[in-house]
Amino acid sequence: MLDKKRGIIGLGALALTFLTFLTFLTFLTLLACGPVEFSLADSRGRVTCQRGQFSTVTGTDAMRGRVAFVGLPPVELGRDVDWRADPYRNRSWALNLHTLRWMGRLVVDYEATGRREYLDRAAEIARDWVRDNPRGKAGISPWAWAEHPVALRAPALVCLSAHVKDDWLAASLAEHAGILADAALYKGGHNHGLDQDIALLGIGCRFGEQEWTALALRRMTASAELAIDAQGVLREQAPRYGLYVHRRMRVAMDEIKDCGVGLPAELTRRWRSLEDYIAHATQPDGRLAPIGDSPADLRPKGISTGEDTVKVFTGGYVFGRTAWNDADSAYYSIRFGPGRALHGHEDHLGVTYHARRRDILVEAGFHSYEKTPYQRWTLSPQAHNVPVVVGADFREGTAARLLGETAGRTRQSFRLADEAYGLTRTRSVLVEHGTDLMAVLDAVPRGRLVRPLWHLGPTLSATAAGDGRVVLADRGWRASLIQLEMPACRPIGGQSVRSGEISPGYLKRIKVSTVVSPAAGALLTVIVPGAADPEISCSGGNVRVRTPDGTVSFTADVSTGLF
């Protein structure tokens, strides 16, 4: 298994190396042609303006220089924009300022209304940006020529070029294209790389430069094959970015069509496969599971659902639900796979659980890209529902394995393991649908102790009731968390409930209850939604849980898992 995984990683690295080399050769070819004067006045190229990209700021606000980005309060920029402004010391805000997508909205509104003042103001903003931000000038904002703002700004300038033919705009578009074609700045296999390809394709189409459009298409296809596996899992390790790339690939495909060049079939295949990943990562309440850098308040729209209610993605995810298109459905997720990368968290062996229209076990979620102690904590194992090994140091970036699975219609079980603490920790997860129940068995080698953490949904309070039981409450509704020491099959006390925090949305933090388990060599945790005090018995590893909705029986074996 290890040799196979190394082979897969090696192929991915080889593909990325080849993609970079291909881009570099094309860039050298373009340089060899020497300086070329570009003109918009006599260009016969096509304008590929995907107008749906420009919706963050209204045209009326953009006219007066009033902008609001990433949910932060509006800022009055005025007529003469200070391009070094960063009022919130926020990376995302500064990036959005320099993308000029808010200027692009003025172009769209001009086309919709015919009001010339919208176009004039758009041209004024763009020209002011070009004049105040010459590349390489000391003192300009570091975001002015960062690779992602360049990629997101270029389409707005292309849209403007449908109506403004001035030489300053032609020169700026050509400069953007040179940067976008630069192999040293290209982010292959990443959402930034896709945005770079979209931008280069648009400029190449605008000027009728086939070298640029061909390069963009080659890179876009190779990058999609590297970024999205055959099942649709994005290697960036966050469903939110799967949704972003799905949307941007739709923009890319529309742009390819408008440009009049052939659409690579592989792009369509990878785009469709992403949809399955996004659908399975969406909870019954319509929110995307907050795994990795995925906000807990994001609701995908227009995503087709599948038929399978349980899906194992070999890229590192298990998603299961009672039924599709049913708000009363139970839902869970389990994480394994390659070590943390890009937008992933240290969440291996972690689980989430949603049942009876409530979040029961939750992730810390995505807070922001700001480098704060809290943001760093959200990436850590302690921010997730994972088994922590007592007295051992955590090894970042460790891969986790799915050792086995059994998936029936009403019952599924999975067994996972990794060496993230320098020894083998195993976790088995069993989910029963209909009579809702989740059971989790954590174990470490003899002589070591494991202490699982359980972060509860924000509507739940928790009270340790003794005898290994914790009562979860949401007003008059109850659930229970019961723990047994294994293989002795006896209740174990010592649970503590502490105040924790999760992020329900960008830059938001709310208090939740976190249950800290007692330390044990092997610990079985049973979660029963809808019952405060279910009857539970255990003998010889045979567990029987009687709830108001029925009785669930299973076997808990430290060596083989739950079944």
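Note that the structure is a prediction, hence the values are computed from the model and not measured. Along the sequence shown, residues carry numbers from 1.
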* Which heavy atom in Val450 sits nearest to a heavy atom in Pro387, and how many Å separate them? -> CG2-CB, 3.4 Å
* To do: State whether the side chain of Arg340 and the backbone N or O of Glu346 hold a donor-acceptor pair below 3.5 Å, judged by distance alone.
  => no
* To do: Kindly determine whether Val75 and Leu97 satisfy side-chain contact (heavy atoms from CB on, under 4.5 Å), including the steps that lead there.
  => CA-CA 11 Å; Val75 172; Leu97 177 67; over 6 Å; no
* **Aromatic centroids of His98 and Trp93 separated by under 6.0 Å** => no
* Does CZ belonging to Arg272 count more than 12 external heavy atoms closer than 6.0 Å? -> no
* With a cut-off of 6.0 Å (strictly less than), are more than 12 heavy atoms of other residues, nucleotides or ligands near CZ of Arg250? -> yes
* Asked: Within a strict 4.5 Å, meaning less than it, do heavy atoms of the Val318 and Val351 side chains meet?
  -> no
* **Thr282 side chain vs Arg287 backbone, donor-acceptor pair below 3.5 Å** => no
* Axial cation check for Tyr374 ring with Arg509, 6.0 Å and 45° limits -> yes
* Drop me the distance from His384's NE2 to Arg335's CZ, to the nearest 0.5 angstrom. => 9.0 Å
* To do: Rounded to the nearest 0.5 Å, what's the gap from CZ on Arg498 to CD on Gln495? Could you check?
  => 14.0 Å
* Asked: Distance-only, no hydrogens or angles: does the Gln412 side chain make a donor-acceptor pair with backbone N or O of Thr406 under 3.5 Å?
  -> no
* To do: Would you sort out whether Val444 and Tyr421 count as a side-chain contact (heavy atoms from CB on, under 4.5 Å), showing the intermediate values?
  => CA-CA 10 Å; Val444 288; Tyr421 286 91; over 6 Å; no
* Asked: Taking atom types as modelled, is there a side-chain donor on Thr398 or Asp418 under 3.5 Å from an acceptor on the other?
  -> no
* **Whether Arg270 side chain and Leu226 backbone form a donor-acceptor pair below 3.5 Å** => no
* Asked: Run the salt bridge (Lys or Arg N to Asp or Glu O under 4.0 Å) check on Arg91 and Asp86 step by step: do they pass?
  -> CA-CA 8 Å; Arg91 294 159 55 87; Asp86 186 5; over 6 Å; no
* Asked: Are side-chain N/O atoms of Ser517 and Trp454 paired as donor and acceptor at under 3.5 Å?
  -> yes
* **Whether His246 and Trp271 hold their rings parallel, tilted or perpendicular, with breakpoints at 30° and 60°** => parallel
* **Chi angles and distances behind the side-chain contact (heavy atoms from CB on, under 4.5 Å) call for Leu453, Asn385** => CA-CA 5 Å; Leu453 301 172; Asn385 302 305; 5.7 Å; no
* Has the side chain of Tyr277 got a donor or acceptor atom that lies under 3.5 Å from a matching backbone atom of Leu243? -> no
* Decide if the gap between the ring center of Phe319 and the ring center of Tyr332 is smaller than 6.0 angstrom. => no
Show me the side-chain donor-acceptor pairs of residues 468-479 shorter than 3.5 Å, one per line, residues at least two apart or across chains.
unit_1	atom_1	unit_2	atom_2	d
Arg469	NH1	Asp533	OD1	2.7
Arg469	NH1	Pro534	O	3.1
Arg469	NH2	Pro534	O	3.3
Asp474	OD2	Arg358	NE	3.0
Asp474	OD2	Thr459	OG1	3.4
Arg478	NH1	Arg475	O	2.5

* To do: May I ask you to test the Glu501-Val512 pair for a side-chain heavy-atom distance under 4.5 Å?
  => no
* To do: Indicate yes or no for a side-chain donor-acceptor contact from Ser223 to the backbone of Met220 under 3.5 Å, with no hydrogens or angles considered.
  => no
* Are any side-chain N or O atoms of Asp308 and backbone N or O atoms of Val310, one a donor and one an acceptor, separated by less than 3.5 Å? -> no
* **Asp197 versus Tyr186, side-chain donor and acceptor atoms under 3.5 Å** => yes
* Would His280 and Tyr317 count as a ring-ring contact (aromatic ring centres under 6.0 Å, His included) if you check the C-alpha gap in whole Å, the side-chain angles of each, and the deciding distance to 0.1 Å? -> CA-CA 10 Å; His280 280 280; Tyr317 303 85; over 10 Å; no
* Just say parallel, tilted or perpendicular for the rings of Trp377 and His455, cut-offs at 30° and 60°. => perpendicular
* Asked: Is it the case that Thr525 and Gln483 place a side-chain donor and acceptor less than 3.5 Å from each other?
  -> yes
* CG on Leu274 to CG on Asp229, rounded to 0.5 Å -> 9.0 Å
* Asked: If you look at every heavy atom in Pro338 and Gly315, which pair is closest and at what distance?
  -> CD-O, 3.4 Å
* Partner set under ring-ring contact (aromatic ring centres under 6.0 Å, His included) for His354, not counting sequence neighbours -> none
* Asked: Is there a donor-acceptor contact under 3.5 Å linking the side chains of Glu419 and Thr424?
  -> yes
* Asked: Considering only heavy atoms from C-beta outward, does the side chain of Glu363 approach that of His345 to under 4.5 Å?
  -> no
* Structure fact -> To the nearest 0.5 Å, atom OG of Ser503 lies from atom CG of Asp293 at 10.5 Å
* Asked: How many angstroms lie between atom CD of Gln283 and atom OG1 of Thr352, to the nearest 0.5 angstrom?
  -> 6.0 Å
* Asked: Take atom CG in Asp393; do more than 12 heavy atoms of anything else shown fall under 6.0 Å from it?
  -> no
* To do: Would you please classify the geometry between the His192 ring and the His190 ring as parallel, tilted or perpendicular, with 30° and 60° separating the classes?
  => perpendicular
* Please check if any side-chain donor atom of Asn191 sits under 3.5 Å from a side-chain acceptor atom of Arg248, or the reverse. => no
* To do: Indicate whether the side chain of Asp436 and that of Tyr353 have a donor and an acceptor atom separated by less than 3.5 Å.
  => no
* **Inter-residue atom distance Asp276.CG - Ser273.OG, 0.5 Å rounding** => 8.0 Å
* Can a cation-pi geometry be assigned to Arg401 and Phe336, taking NZ or CZ under 6.0 Å from the six-membered ring centre and within 45° of the ring axis? -> no
* To do: Starting from the C-alpha separation in whole Å, work towards a yes-or-no answer on side-chain contact (heavy atoms from CB on, under 4.5 Å) for Thr463 and Val497.
  => CA-CA 7 Å; Thr463 304; Val497 179; over 6 Å; no
* To do: Not counting sequence neighbours, which residues clear side chain to side chain donor-acceptor pair (under 3.5 Å) with Asp549? List them please.
  => Arg356
